[in-house]
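Numbers here are sequence positions counted from 1.
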Amino acid sequence: QVQLKEAGGGLVQAGGSLRLSCTASRGLFSDYALAWFRQAPGKERDIVAAISRSAAQTYYADPVKGRFTISRDSAKNTVFLQMNSLKPEDTAVYYCAAQNAGYSSCPYYYTDRLSYKNWGQGTQVTVSS
């Protein structure tokens, strides 16, 4: 199974930017659909963005559309989340997730938490007002 490790979280003022990265080891990176989720205290873990194996298809949750960008670099086995115009409500622990989508019957990506079997440990993002 693929192993995931996030980096890039931190404290930023509202309106600022952060770039999260998630590096995968083990497994064949190109077989995996990837996603970022986030979980605020007392809330469910929700999808933020997802990207297909080829990077041609992407998905964004409504709260982050136009502000966040998901991308992947196969040469570096890394998926990124560029977060701009950050708001206090973006404060959460951000998790990277991967799921094998290497079969023709698989969708381009998954948006539900239960479809992902591989998770990173999470990185804290705090946006101050």
(request) Kindly compute the distance separating CG (Leu34) from OG1 (Thr58), expressed to the nearest 0.5 Å. (result) 12.5 Å
(message) According to side chain to side chain contact (heavy atoms under 4.5 Å, CB included), who are the partners of Lys76, at least two apart in sequence or on a separate chain?
(response) Asp73, Thr78
(message) Would Asp90 and Lys87 count as a salt bridge (Lys or Arg N to Asp or Glu O under 4.0 Å) here? Give the steps.
(response) CA-CA 5 Å; Asp90 294 319; Lys87 304 175 181 180; over 6 Å; no
(message) If I take atom CG from residue Asn77 and atom CG from residue Leu28, how far apart are they, to the nearest 0.5 angstrom?
(response) 8.5 Å
(request) Measure the OH-CZ distance between Tyr108 and Arg53 for me, rounded to the nearest 0.5 Å. (result) 11.0 Å
(message) So for atom CD, which belongs to Glu44, do other residues, nucleotides or ligands contribute more than 12 heavy atoms lying within a distance under 6.0 Å?
(response) no
(request) Might you work through the side chain to side chain contact (heavy atoms under 4.5 Å, CB included) test for Leu20 and Glu6, ending with a clear yes or no? (result) CA-CA 7 Å; Leu20 305 183; Glu6 301 97 336; over 6 Å; no
(request) Spell out, yes or no, whether Ile51 and Trp119 are grouped together once hydrophobic residues are joined by side-chain heavy atoms under 4.5 Å, including indirect joins. (result) no
(request) For residues Ala61 and Tyr59, report the shortest heavy-atom separation together with the two atoms involved. (result) N-CE2, 3.7 Å
(message) Looking at Ser52 and Gln57, would you say the former's side chain and the latter's main chain have a donor-acceptor pair under 3.5 Å?
(response) yes
(message) If I take atom CG from residue Leu81 and atom SG from residue Cys96, how far apart are they, to the nearest 0.5 angstrom?
(response) 10.0 Å
(message) For Gly122 versus Val93, what's the shortest heavy-atom pair and its separation?
(response) CA-CG1, 3.9 Å
(request) Could you check if a side-chain atom of Tyr32 sits within less than 4.5 angstrom of a side-chain atom of Asn118, using non-hydrogen atoms only? (result) yes
(message) Membership question, hydrophobic clusters at under 4.5 Å side-chain separation (ILVMFWY): are Ile47 and Phe68 in the same one?
(response) no
(message) Do Leu4 and Phe37 sit in one hydrophobic cluster, given that two such residues count as connected whenever their side-chain heavy atoms are within less than 4.5 Å of each other, even indirectly?
(response) no
(request) First locate atom CD of Gln99, then atom CD of Gln1, and finally report the distance between them rounded to the nearest 0.5 Å. (result) 7.5 Å
(message) Looking at Arg72 and Phe29, would you say the former's side chain and the latter's main chain have a donor-acceptor pair under 3.5 Å?
(response) yes
(request) Tell me, with the steps shown, if Asp31 and Tyr103 meet side chain to side chain contact (heavy atoms under 4.5 Å, CB included). (result) CA-CA 9 Å; Asp31 277 350; Tyr103 302 98; over 6 Å; no
(message) Applying a strict under-4.5 Å side-chain criterion to I, L, V, M, F, W and Y, I'd like to know whether Phe80 and Tyr109 cluster together.
(response) no
(message) Among residues at least two apart in sequence or on other chains, which ones pass side chain to side chain contact (heavy atoms under 4.5 Å, CB included) with Ala7?
(response) Ser21
(message) What's the separation between atom NZ in Lys5 and atom OG1 in Thr123, rounded to the nearest 0.5 Å?
(response) 9.0 Å
(request) Keeping to residues at least two apart or across chains, list the salt bridge (charged side-chain N to carboxylate O under 4.0 Å, His left out) pairs with something in residues 116-128. (result) none
(request) Using a 4.5 Å cut-off on heavy atoms from C-beta on, say whether the side chain of Val127 contacts that of Met83. (result) no
(request) Find out whether the Lys NZ or Arg CZ of Arg45 is both under 6.0 angstrom from the six-membered ring centre of Tyr95 and within 45° of the ring's axis. (result) yes
(request) Check the side chains of Asn84 and Ser17 for a donor-acceptor pair under 3.5 angstrom, ignoring hydrogens and angles. (result) yes
(message) So does Gln3 get a backbone contact from the side chain of Arg26, meaning a donor-acceptor N/O pair under 3.5 Å?
(response) no
(request) Over all heavy atoms of both residues, which pair between Ala40 and Ala92 is shortest? Give the atoms and the distance, please. (result) N-CB, 3.8 Å
(request) Determine the minimum heavy-atom distance between Val125 and Gly9, stating which atoms define it. (result) CG2-CA, 4.2 Å
(message) Looking at Ile70, is its backbone amide N or carbonyl O close enough to the side chain of Tyr60 to form a donor-acceptor pair, meaning the two atoms are under 3.5 Å apart?
(response) yes
(message) Which heavy atom of Pro63 sits nearest to which heavy atom of Arg38, and what is that distance?
(response) CB-NH2, 4.0 Å
(request) Evaluate the ring planes of Tyr116 and Tyr110, with Trp represented by its six-membered ring, and classify them as parallel (under 30°), tilted (30 to 60°) or perpendicular (over 60°). (result) perpendicular
(message) Can you see whether Gln82 engages Thr69 through a side-chain donor-acceptor pair at a distance of less than 3.5 angstrom?
(response) no
(message) Looking at every heavy atom in both Ala14 and Ser129, which two are closest together, and how far apart are they?
(response) CB-CA, 4.3 Å
(message) Quick one, Gln124 with Thr91, criterion side chain to side chain contact (heavy atoms under 4.5 Å, CB included). Give me CA distance, side-chain angles, the key distance, then yes/no.
(response) CA-CA 8 Å; Gln124 176 70 46; Thr91 295; 4.0 Å; yes
